Amino acid sequence: MLKNLRIKTFTPEKEYIHLTYAIRNEEERSKELIRAYVNLLNRGIKYVFSKVNVKKGRVELPKKKEIYRELRDLMKENAQGLAKHCVDQAIHDVYSILDSWRRRFEKGRSKFKPPLVRKGYVRVKTTLRKVLGKSVRITVKPHEYITYSWDGSWFSERVEEMELTEPVIKEDKVYLVFRKESPTTTPPETVAFDSNLFSLDGYDGEKFITISLKQLYSLKYVMQMKRAKVQSVASKKLKGGRRLLMKYSHRERNRVNDLINKLANFILELYNNHVLVFEKLNKQGMFGNASESLSKKLSRTVWRKLVNTLKYKAPLYGCKVVEVNPHLTSRSCPRCGWVSRTVGKTFRCGRCGFTLDRQFNASLNIMKRFLSKFNLKMWGFPHRKVSGVIPLMGVRRMNGLIRDFGELQGSRIEYKVHEIQ
(Lines give C-alpha, C1' and ligand atoms only; values in the text may rest on other atoms or scores of the structure.)
Protein backbone atom coordinates (compact mmCIF):
# COMPACT_ATOMS: atom_id res chain seq x y z
CA MET A 1 0.00 0.00 0.00
CA LEU A 2 2.88 2.38 0.80
CA LYS A 3 4.36 1.80 -2.66
CA ASN A 4 1.35 3.49 -4.23
CA LEU A 5 1.89 6.55 -2.03
CA ARG A 6 5.50 7.16 -3.00
CA ILE A 7 6.29 10.33 -4.93
CA LYS A 8 8.42 9.60 -7.99
CA THR A 9 9.70 13.14 -8.38
CA PHE A 10 9.27 16.55 -6.79
CA THR A 11 9.54 18.40 -10.11
CA PRO A 12 6.14 19.41 -11.59
CA GLU A 13 4.97 17.78 -14.78
CA LYS A 14 5.92 19.74 -17.89
CA GLU A 15 3.21 21.60 -19.78
CA TYR A 16 3.52 22.35 -23.47
CA ILE A 17 2.14 24.89 -25.92
CA HIS A 18 0.98 23.15 -29.11
CA LEU A 19 0.65 24.88 -32.48
CA THR A 20 -0.71 23.18 -35.61
CA TYR A 21 0.01 24.30 -39.16
CA ALA A 22 -1.05 22.78 -42.49
CA ILE A 23 0.90 22.31 -45.73
CA ARG A 24 -0.29 20.85 -49.02
CA ASN A 25 0.04 17.14 -49.60
CA GLU A 26 1.39 16.68 -53.13
CA GLU A 27 2.76 13.16 -52.60
CA GLU A 28 0.85 10.50 -54.54
CA ARG A 29 2.32 7.69 -52.40
CA SER A 30 0.53 9.07 -49.35
CA LYS A 31 -2.84 7.95 -50.75
CA GLU A 32 -1.72 4.32 -50.64
CA LEU A 33 -0.51 4.81 -47.07
CA ILE A 34 -3.84 6.38 -46.02
CA ARG A 35 -5.91 3.57 -47.54
CA ALA A 36 -3.81 0.90 -45.84
CA TYR A 37 -3.97 2.70 -42.47
CA VAL A 38 -7.76 3.18 -42.66
CA ASN A 39 -8.25 -0.53 -43.43
CA LEU A 40 -6.01 -1.31 -40.47
CA LEU A 41 -8.07 0.95 -38.18
CA ASN A 42 -11.41 -0.49 -39.28
CA ARG A 43 -10.17 -4.05 -38.80
CA GLY A 44 -9.12 -3.23 -35.26
CA ILE A 45 -12.38 -1.38 -34.51
CA LYS A 46 -14.47 -4.36 -35.61
CA TYR A 47 -12.44 -6.77 -33.47
CA VAL A 48 -12.59 -4.65 -30.30
CA PHE A 49 -16.27 -3.82 -30.89
CA SER A 50 -17.10 -7.56 -30.99
CA LYS A 51 -15.90 -7.78 -27.36
CA VAL A 52 -17.89 -4.79 -26.07
CA ASN A 53 -20.36 -5.40 -23.21
CA VAL A 54 -23.41 -3.22 -22.47
CA LYS A 55 -24.89 -3.27 -18.94
CA LYS A 56 -27.77 -0.98 -18.03
CA GLY A 57 -26.96 1.47 -20.80
CA ARG A 58 -23.25 1.62 -19.86
CA VAL A 59 -20.61 0.43 -22.31
CA GLU A 60 -17.63 -1.58 -21.09
CA LEU A 61 -14.69 -1.70 -23.50
CA PRO A 62 -12.27 -4.63 -23.14
CA LYS A 63 -9.07 -3.63 -21.37
CA LYS A 64 -6.20 -2.99 -23.74
CA LYS A 65 -3.78 -5.13 -21.70
CA GLU A 66 -6.01 -8.20 -21.93
CA ILE A 67 -6.40 -8.27 -25.73
CA TYR A 68 -3.33 -6.32 -26.84
CA ARG A 69 -1.32 -9.32 -28.04
CA GLU A 70 -4.25 -10.86 -29.95
CA LEU A 71 -5.20 -7.52 -31.47
CA ARG A 72 -1.63 -6.74 -32.51
CA ASP A 73 -1.19 -10.14 -34.19
CA LEU A 74 -4.50 -9.72 -36.02
CA MET A 75 -3.65 -6.22 -37.24
CA LYS A 76 -0.16 -7.30 -38.34
CA GLU A 77 -1.80 -9.75 -40.77
CA ASN A 78 -3.79 -6.86 -42.28
CA ALA A 79 -0.95 -4.31 -42.22
CA GLN A 80 -0.34 -4.60 -46.01
CA GLY A 81 3.39 -4.19 -45.59
CA LEU A 82 3.27 -1.14 -43.31
CA ALA A 83 5.94 -0.59 -40.68
CA LYS A 84 5.39 -2.36 -37.34
CA HIS A 85 5.13 0.92 -35.45
CA CYS A 86 2.07 1.80 -37.56
CA VAL A 87 0.27 -1.10 -35.87
CA ASP A 88 1.04 0.25 -32.38
CA GLN A 89 -0.24 3.72 -33.32
CA ALA A 90 -3.34 2.20 -34.93
CA ILE A 91 -4.20 0.31 -31.71
CA HIS A 92 -3.95 3.57 -29.77
CA ASP A 93 -6.24 5.29 -32.30
CA VAL A 94 -8.73 2.39 -32.22
CA TYR A 95 -9.25 2.78 -28.48
CA SER A 96 -9.44 6.57 -28.82
CA ILE A 97 -12.19 6.26 -31.47
CA LEU A 98 -14.14 3.67 -29.47
CA ASP A 99 -13.87 5.72 -26.27
CA SER A 100 -15.33 8.73 -28.11
CA TRP A 101 -18.13 6.51 -29.50
CA ARG A 102 -18.82 5.15 -25.99
CA ARG A 103 -19.44 8.64 -24.60
CA ARG A 104 -21.76 9.52 -27.50
CA PHE A 105 -23.68 6.24 -27.20
CA GLU A 106 -24.25 6.65 -23.46
CA LYS A 107 -25.68 10.13 -24.13
CA GLY A 108 -27.99 8.74 -26.83
CA ARG A 109 -26.19 10.49 -29.69
CA SER A 110 -24.90 7.39 -31.47
CA LYS A 111 -26.20 3.98 -32.54
CA PHE A 112 -24.86 0.64 -31.36
CA LYS A 113 -22.69 -0.18 -34.35
CA PRO A 114 -18.93 -0.07 -35.06
CA PRO A 115 -17.79 3.56 -35.59
CA LEU A 116 -15.85 2.82 -38.77
CA VAL A 117 -13.48 5.45 -40.18
CA ARG A 118 -14.75 7.08 -43.37
CA LYS A 119 -12.34 9.95 -43.98
CA GLY A 120 -8.81 8.73 -44.41
CA TYR A 121 -5.94 9.93 -42.25
CA VAL A 122 -2.65 8.70 -40.78
CA ARG A 123 -1.27 9.80 -37.42
CA VAL A 124 2.48 9.35 -37.66
CA LYS A 125 4.15 8.04 -34.52
CA THR A 126 7.36 9.75 -33.42
CA THR A 127 9.36 6.58 -34.12
CA LEU A 128 8.23 6.72 -37.77
CA ARG A 129 9.39 10.26 -38.49
CA LYS A 130 12.79 11.97 -38.57
CA VAL A 131 13.20 15.74 -38.65
CA LEU A 132 15.85 16.97 -41.08
CA GLY A 133 16.17 20.75 -40.77
CA LYS A 134 12.87 22.20 -42.00
CA SER A 135 11.54 18.92 -43.37
CA VAL A 136 10.31 15.62 -41.97
CA ARG A 137 10.96 12.14 -43.37
CA ILE A 138 8.17 9.63 -42.74
CA THR A 139 8.57 5.86 -43.01
CA VAL A 140 5.80 4.28 -45.11
CA LYS A 141 7.20 0.77 -45.41
CA PRO A 142 10.61 -0.64 -44.54
CA HIS A 143 13.16 1.43 -46.56
CA GLU A 144 10.39 3.48 -48.22
CA TYR A 145 9.98 7.12 -47.18
CA ILE A 146 7.94 10.27 -47.87
CA THR A 147 9.43 13.71 -47.18
CA TYR A 148 7.47 16.87 -46.43
CA SER A 149 9.08 20.29 -46.13
CA TRP A 150 7.83 23.55 -44.58
CA ASP A 151 10.83 25.59 -45.70
CA GLY A 152 9.64 28.90 -47.14
CA SER A 153 6.17 28.66 -45.58
CA TRP A 154 4.70 31.62 -43.71
CA PHE A 155 5.13 29.90 -40.31
CA SER A 156 8.68 28.56 -40.77
CA GLU A 157 10.28 31.31 -38.65
CA ARG A 158 7.67 30.96 -35.91
CA VAL A 159 8.46 27.29 -35.28
CA GLU A 160 12.27 27.45 -35.47
CA GLU A 161 12.72 26.80 -31.74
CA MET A 162 9.83 24.35 -31.45
CA GLU A 163 9.73 20.54 -31.53
CA LEU A 164 7.74 18.58 -34.13
CA THR A 165 5.54 15.91 -32.51
CA GLU A 166 3.16 13.64 -34.49
CA PRO A 167 2.18 14.83 -38.00
CA VAL A 168 -1.26 13.92 -39.33
CA ILE A 169 -1.45 13.05 -43.04
CA LYS A 170 -4.66 13.53 -45.03
CA GLU A 171 -5.26 13.27 -48.75
CA ASP A 172 -5.10 17.02 -49.41
CA LYS A 173 -3.09 18.38 -46.45
CA VAL A 174 -0.45 17.45 -43.90
CA TYR A 175 -0.95 18.86 -40.40
CA LEU A 176 2.32 19.55 -38.57
CA VAL A 177 2.01 19.76 -34.78
CA PHE A 178 4.78 21.69 -33.00
CA ARG A 179 5.25 22.18 -29.30
CA LYS A 180 7.37 24.11 -26.80
CA GLU A 181 7.50 24.08 -23.05
CA SER A 182 5.13 26.57 -21.44
CA PRO A 183 6.13 28.68 -18.41
CA THR A 184 5.08 27.25 -15.04
CA THR A 185 4.37 30.62 -13.39
CA THR A 186 0.79 31.60 -12.62
CA PRO A 187 -0.42 34.96 -14.02
CA PRO A 188 -0.74 37.53 -11.20
CA GLU A 189 -3.99 39.19 -12.35
CA THR A 190 -7.50 37.86 -12.98
CA VAL A 191 -10.39 38.93 -15.18
CA ALA A 192 -13.81 37.22 -15.20
CA PHE A 193 -16.33 37.25 -18.07
CA ASP A 194 -20.08 36.67 -18.16
CA SER A 195 -21.13 35.29 -21.58
CA ASN A 196 -24.31 36.81 -23.06
CA LEU A 197 -26.02 36.78 -26.44
CA PHE A 198 -24.58 40.07 -27.67
CA SER A 199 -21.64 40.77 -25.35
CA LEU A 200 -18.95 39.54 -23.00
CA ASP A 201 -19.21 41.49 -19.74
CA GLY A 202 -16.07 41.32 -17.64
CA TYR A 203 -14.65 42.49 -14.30
CA ASP A 204 -10.87 42.83 -13.88
CA GLY A 205 -10.72 43.90 -10.23
CA GLU A 206 -10.77 47.62 -11.00
CA LYS A 207 -13.45 48.24 -13.60
CA PHE A 208 -16.10 46.55 -15.70
CA ILE A 209 -15.67 46.09 -19.44
CA THR A 210 -18.08 45.12 -22.21
CA ILE A 211 -16.85 43.45 -25.41
CA SER A 212 -19.45 43.45 -28.17
CA LEU A 213 -20.43 40.18 -29.89
CA LYS A 214 -23.04 41.79 -32.15
CA GLN A 215 -20.88 41.49 -35.27
CA LEU A 216 -20.40 37.77 -34.67
CA TYR A 217 -24.11 37.25 -33.88
CA SER A 218 -25.16 39.19 -37.02
CA LEU A 219 -22.88 37.08 -39.18
CA LYS A 220 -24.41 33.87 -37.82
CA TYR A 221 -27.92 35.27 -38.36
CA VAL A 222 -27.30 36.36 -41.98
CA MET A 223 -25.60 33.09 -42.92
CA GLN A 224 -28.42 31.12 -41.29
CA MET A 225 -30.98 32.95 -43.45
CA LYS A 226 -28.92 32.36 -46.60
CA ARG A 227 -28.46 28.68 -45.80
CA ALA A 228 -32.23 28.28 -45.33
CA LYS A 229 -32.79 29.58 -48.88
CA VAL A 230 -30.06 27.35 -50.26
CA GLN A 231 -31.60 24.30 -48.56
CA SER A 232 -34.89 24.91 -50.39
CA VAL A 233 -32.94 24.90 -53.68
CA ALA A 234 -30.97 21.80 -52.65
CA SER A 235 -34.20 19.85 -52.11
CA LYS A 236 -35.14 20.41 -55.78
CA LYS A 237 -31.73 20.26 -57.46
CA LEU A 238 -29.87 17.51 -55.67
CA LYS A 239 -26.35 17.66 -57.12
CA GLY A 240 -26.11 21.39 -57.71
CA GLY A 241 -27.96 22.15 -54.48
CA ARG A 242 -25.61 20.04 -52.40
CA ARG A 243 -22.56 21.74 -53.87
CA LEU A 244 -24.09 25.16 -53.21
CA LEU A 245 -25.03 24.18 -49.64
CA MET A 246 -21.48 22.94 -49.00
CA LYS A 247 -20.09 26.19 -50.40
CA TYR A 248 -22.16 28.34 -48.03
CA SER A 249 -21.42 26.07 -45.07
CA HIS A 250 -17.67 26.42 -45.67
CA ARG A 251 -18.06 30.16 -46.11
CA GLU A 252 -19.93 30.51 -42.81
CA ARG A 253 -17.36 28.39 -40.96
CA ASN A 254 -14.40 30.35 -42.35
CA ARG A 255 -15.91 33.76 -41.59
CA VAL A 256 -16.94 32.75 -38.08
CA ASN A 257 -13.49 31.31 -37.38
CA ASP A 258 -11.88 34.51 -38.65
CA LEU A 259 -13.97 36.70 -36.34
CA ILE A 260 -13.44 34.39 -33.35
CA ASN A 261 -9.66 34.46 -33.82
CA LYS A 262 -9.69 38.27 -34.07
CA LEU A 263 -11.82 38.47 -30.93
CA ALA A 264 -9.53 36.06 -29.06
CA ASN A 265 -6.43 38.03 -30.09
CA PHE A 266 -8.08 41.25 -28.92
CA ILE A 267 -8.96 39.83 -25.49
CA LEU A 268 -5.50 38.31 -24.99
CA GLU A 269 -3.72 41.52 -26.02
CA LEU A 270 -6.00 43.57 -23.77
CA TYR A 271 -5.46 41.26 -20.77
CA ASN A 272 -1.94 39.99 -21.32
CA ASN A 273 -0.55 37.81 -18.49
CA HIS A 274 -3.97 37.31 -16.84
CA VAL A 275 -6.11 34.41 -15.70
CA LEU A 276 -9.25 34.52 -17.87
CA VAL A 277 -12.27 33.08 -16.05
CA PHE A 278 -15.38 32.00 -18.01
CA GLU A 279 -18.60 30.16 -17.25
CA LYS A 280 -18.75 26.48 -18.15
CA LEU A 281 -22.02 26.73 -20.05
CA ASN A 282 -24.16 23.77 -21.14
CA LYS A 283 -25.94 25.07 -24.24
CA GLN A 284 -27.78 21.79 -24.80
CA GLY A 285 -29.34 22.09 -21.36
CA MET A 286 -30.47 25.67 -22.11
CA PHE A 287 -32.59 24.52 -25.05
CA GLY A 288 -34.82 22.44 -22.76
CA ASN A 289 -36.11 25.44 -20.77
CA ALA A 290 -35.99 28.05 -23.56
CA SER A 291 -38.78 29.28 -25.81
CA GLU A 292 -38.63 28.82 -29.58
CA SER A 293 -37.36 32.34 -30.23
CA LEU A 294 -34.72 32.10 -27.48
CA SER A 295 -33.61 28.68 -28.78
CA LYS A 296 -32.95 30.22 -32.21
CA LYS A 297 -30.88 32.96 -30.59
CA LEU A 298 -28.93 30.43 -28.52
CA SER A 299 -28.16 28.40 -31.65
CA ARG A 300 -26.28 31.43 -33.03
CA THR A 301 -23.92 31.68 -30.06
CA VAL A 302 -20.34 30.37 -30.22
CA TRP A 303 -19.30 30.51 -26.54
CA ARG A 304 -17.62 27.11 -26.50
CA LYS A 305 -15.67 27.79 -29.68
CA LEU A 306 -14.43 31.11 -28.32
CA VAL A 307 -13.26 29.56 -25.03
CA ASN A 308 -11.49 26.72 -26.87
CA THR A 309 -9.73 29.25 -29.12
CA LEU A 310 -8.64 31.24 -26.07
CA LYS A 311 -7.32 28.07 -24.41
CA TYR A 312 -5.33 27.31 -27.54
CA LYS A 313 -3.78 30.78 -27.77
CA ALA A 314 -3.57 31.78 -24.09
CA PRO A 315 -0.08 30.31 -23.34
CA LEU A 316 1.43 32.45 -26.12
CA TYR A 317 0.33 35.55 -24.19
CA GLY A 318 1.25 34.25 -20.72
CA CYS A 319 -2.45 33.69 -19.89
CA LYS A 320 -4.50 30.82 -18.53
CA VAL A 321 -8.17 30.07 -19.17
CA VAL A 322 -10.30 28.65 -16.33
CA GLU A 323 -13.99 27.66 -16.36
CA VAL A 324 -16.26 27.77 -13.29
CA ASN A 325 -19.81 26.67 -12.51
CA PRO A 326 -22.27 29.41 -13.59
CA HIS A 327 -25.01 28.34 -11.16
CA LEU A 328 -26.85 31.39 -9.69
CA THR A 329 -24.13 33.87 -10.66
CA SER A 330 -26.70 36.28 -12.13
CA ARG A 331 -29.12 36.05 -9.20
CA SER A 332 -26.77 36.14 -6.19
CA CYS A 333 -25.71 39.17 -4.20
CA PRO A 334 -21.89 39.42 -4.11
CA ARG A 335 -22.00 41.28 -0.79
CA CYS A 336 -24.25 39.13 1.42
CA GLY A 337 -24.99 36.00 -0.67
CA TRP A 338 -28.76 36.58 -0.92
CA VAL A 339 -30.38 34.88 -3.95
CA SER A 340 -33.13 36.59 -5.93
CA ARG A 341 -35.91 34.52 -7.49
CA THR A 342 -36.27 36.78 -10.52
CA VAL A 343 -33.76 39.20 -12.02
CA GLY A 344 -34.39 41.84 -14.65
CA LYS A 345 -31.88 44.07 -16.36
CA THR A 346 -30.68 45.34 -12.97
CA PHE A 347 -29.96 43.19 -9.92
CA ARG A 348 -31.28 44.52 -6.60
CA CYS A 349 -30.51 42.70 -3.37
CA GLY A 350 -33.58 42.35 -1.13
CA ARG A 351 -31.43 42.00 1.99
CA CYS A 352 -28.61 44.61 1.83
CA GLY A 353 -29.80 46.81 -1.03
CA PHE A 354 -26.82 46.16 -3.32
CA THR A 355 -27.70 47.34 -6.87
CA LEU A 356 -25.77 46.58 -10.06
CA ASP A 357 -26.34 45.72 -13.71
CA ARG A 358 -27.27 42.03 -13.95
CA GLN A 359 -24.48 41.13 -16.39
CA PHE A 360 -21.83 43.01 -14.40
CA ASN A 361 -23.11 41.38 -11.23
CA ALA A 362 -22.67 37.95 -12.86
CA SER A 363 -19.06 38.74 -13.89
CA LEU A 364 -18.34 39.88 -10.33
CA ASN A 365 -19.72 36.63 -8.89
CA ILE A 366 -17.74 34.59 -11.43
CA MET A 367 -14.59 36.37 -10.25
CA LYS A 368 -15.48 35.66 -6.60
CA ARG A 369 -16.25 32.02 -7.32
CA PHE A 370 -12.84 31.51 -8.92
CA LEU A 371 -10.98 33.35 -6.14
CA SER A 372 -12.82 31.47 -3.39
CA LYS A 373 -11.94 28.10 -4.92
CA PHE A 374 -8.32 29.13 -5.35
CA ASN A 375 -8.04 30.37 -1.79
CA LEU A 376 -9.82 27.35 -0.34
CA LYS A 377 -7.23 25.16 -2.02
CA MET A 378 -4.22 27.27 -1.09
CA TRP A 379 -5.01 28.47 2.44
CA GLY A 380 -7.71 26.07 3.62
CA PHE A 381 -10.60 28.49 4.09
CA PRO A 382 -13.57 27.23 6.13
CA HIS A 383 -16.35 26.59 3.62
CA ARG A 384 -19.76 28.08 4.33
CA LYS A 385 -22.59 26.42 2.47
CA VAL A 386 -24.77 29.08 0.88
CA SER A 387 -27.34 28.76 -1.88
CA GLY A 388 -25.61 31.29 -4.14
CA VAL A 389 -21.99 32.43 -4.08
CA ILE A 390 -19.77 32.82 -1.01
CA PRO A 391 -20.55 36.27 0.45
CA LEU A 392 -17.84 38.88 0.91
CA MET A 393 -17.98 38.78 4.68
CA GLY A 394 -18.54 35.01 4.89
CA VAL A 395 -14.97 33.78 4.37
CA ARG A 396 -12.06 34.30 6.78
CA ARG A 397 -8.40 33.56 6.46
CA MET A 398 -6.63 31.27 8.88
CA ASN A 399 -5.20 34.25 10.77
CA GLY A 400 -8.71 35.60 11.36
CA LEU A 401 -8.54 38.60 9.00
CA ILE A 402 -11.67 39.22 6.95
CA ARG A 403 -11.24 39.09 3.20
CA ASP A 404 -12.50 42.40 1.87
CA PHE A 405 -12.89 43.02 -1.85
CA GLY A 406 -13.76 46.67 -1.25
CA GLU A 407 -16.99 48.58 -1.68
CA LEU A 408 -18.40 47.52 -5.04
CA GLN A 409 -21.20 50.04 -5.41
CA GLY A 410 -18.86 52.62 -6.93
CA SER A 411 -17.09 50.16 -9.25
CA ARG A 412 -20.04 50.03 -11.66
CA ILE A 413 -18.77 53.17 -13.42
CA GLU A 414 -15.99 53.45 -15.99
CA TYR A 415 -16.58 50.52 -18.33
CA LYS A 416 -15.67 50.48 -22.01
CA VAL A 417 -17.33 49.09 -25.09
CA HIS A 418 -14.98 47.58 -27.68
CA GLU A 419 -15.92 46.67 -31.24
CA ILE A 420 -13.97 44.04 -33.17
CA GLN A 421 -12.75 45.44 -36.47
Side-chain angles (χ1 to χ4, degrees), residues 187 189-217 263-264 266-268 270-271 274-281 283 286 294 297-298 301-303 306-307 310 319 321-375 386-395 403-420:
E189 303 293 336
T190 305
V191 57
F193 288 99
D194 176 43
S195 304
N196 298 290
L197 287 175
F198 307 114
S199 65
L200 287 176
D201 298 277
Y203 177 66
D204 60 7
E206 296 180 357
K207 63 182 181 300
F208 293 101
I209 180 170
T210 298
I211 300 174
S212 176
L213 299 179
K214 287 184 179 179
Q215 189 176 358
L216 189 57
Y217 182 88
L263 178 61
F266 172 77
I267 294 173
L268 292 170
L270 184 65
Y271 288 106
H274 277 64
V275 177
L276 308 177
V277 187
F278 287 87
E279 302 169 287
K280 192 171 185 180
L281 297 172
K283 197 161 75 170
M286 295 180 185
L294 180 58
K297 293 179 180 178
L298 289 173
T301 58
V302 287
W303 299 318
L306 175 60
V307 172
L310 286 168
C319 298
V321 179
V322 179
E323 292 179 285
V324 299
N325 187 358
H327 184 57
L328 298 176
T329 51
S330 298
R331 295 192 289 158
S332 300
C333 177
R335 181 192 287 165
C336 66
W338 180 79
V339 179
S340 174
R341 291 186 177 182
T342 58
V343 180
K345 188 175 181 181
T346 303
F347 173 84
R348 292 182 178 85
C349 180
R351 181 186 296 168
C352 66
F354 180 82
T355 304
L356 192 63
D357 182 90
R358 176 179 61 85
Q359 296 173 352
F360 292 154
N361 182 65
S363 66
L364 182 58
N365 284 326
I366 291 168
M367 168 81 82
K368 290 177 72 273
R369 183 159 288 176
F370 166 74
L371 291 176
S372 63
K373 283 187 177 181
F374 176 78
N375 289 323
V386 293
S387 54
V389 297
I390 298 176
L392 290 177
M393 299 302 185
V395 178
R403 276 198 73 180
D404 188 7
F405 288 88
E407 182 61 43
L408 297 171
Q409 287 281 29
S411 62
R412 63 180 296 183
I413 61 173
E414 194 186 355
Y415 66 90
K416 299 178 182 179
V417 178
H418 295 270
E419 295 285 345
I420 305 302

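Note that the structure is a prediction, hence the values are computed from the model and not measured. Position 1 is the first residue of the sequence, and the numbers go up from there.
Residues Met367 and Gly205 share a closest heavy-atom pair of CE-N, 3.9 Å. The two residues Ala362 and Ser330 make their nearest non-hydrogen contact at CB-OG, 3.6 Å.
Between Asp204 and Ile209, every side-chain heavy-atom pair lies at or beyond the 4.5 Å cut-off. When side chains are defined from C-beta on, Val324 counts as touching Val277, because their heavy atoms get closer than 4.5 Å. Under the 4.5 Å side-chain criterion, counting only non-hydrogen atoms from C-beta, Leu197 is not in contact with Leu213. Here the side chains of Asp357 and Asn361 are not in contact, with every heavy-atom distance at 4.5 Å or above. The shortest distance between side-chain heavy atoms of Val307 and Glu323 falls below 4.5 Å. In this structure the side chain of Leu200 reaches within 4.5 angstrom of the side chain of Leu306, judged on heavy atoms.
Counting only distance, with no hydrogens or angles, the side chain of Ser332 and the backbone of Thr329 share no donor-acceptor pair below 3.5 Å. The closest donor-acceptor contact from the side chain of Ser212 to the backbone of Thr210 lies at 3.5 Å or more, if one exists at all. Although no hydrogens or angles enter the test, the distance criterion places a donor-acceptor pair under 3.5 Å between the side chain of Arg369 and the main chain of Asn325. Of the possible polar contacts, none joining the Arg358 side chain to the Thr346 backbone as a donor-acceptor pair under 3.5 Å is found.
Taking CG of Leu270 as the reference point, atom CG of Leu268 lies at 9.5 Å (rounded to 0.5 Å). In this structure, the separation between OH on Tyr217 and CG on Asn196 is 12.5 Å, given to the nearest 0.5 Å. Rounded to the nearest 0.5 Å, atoms CG (Leu356) and SG (Cys349) are 11.5 Å apart. One distance of note links CZ of Phe354 with CZ of Phe347; it measures 7.5 Å at 0.5 Å rounding. Distance check: Leu310 CG to Leu263 CG gives 7.0 Å after rounding to the nearest 0.5 Å. For the atom pair Ile366 CD1 and Glu279 CD, the distance stands at 3.5 Å (nearest 0.5 Å).
The salt bridge (Lys or Arg N to Asp or Glu O under 4.0 Å) analysis of residues 189-201, with sequence neighbours excluded, yields no pairs.
Checked against ring-ring contact (aromatic ring centres under 6.0 Å, His included), Phe193 has the following partners two or more places apart in sequence or in another chain: Phe278.
The aromatic rings of Tyr203 and Phe208 lie tilted to each other, with the angle between the two planes from 30° to 60°.
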Please walk me through it: do Ile267 and Ile211 pass side-chain contact (heavy atoms from CB on, under 4.5 Å)?
CA-CA 9 Å; Ile267 294 173; Ile211 300 174; 3.8 Å; yes

When you look at Ser195 and Leu281, which way does the side-chain contact (heavy atoms from CB on, under 4.5 Å) test go after all the steps?
CA-CA 9 Å; Ser195 304; Leu281 297 172; 3.9 Å; yes

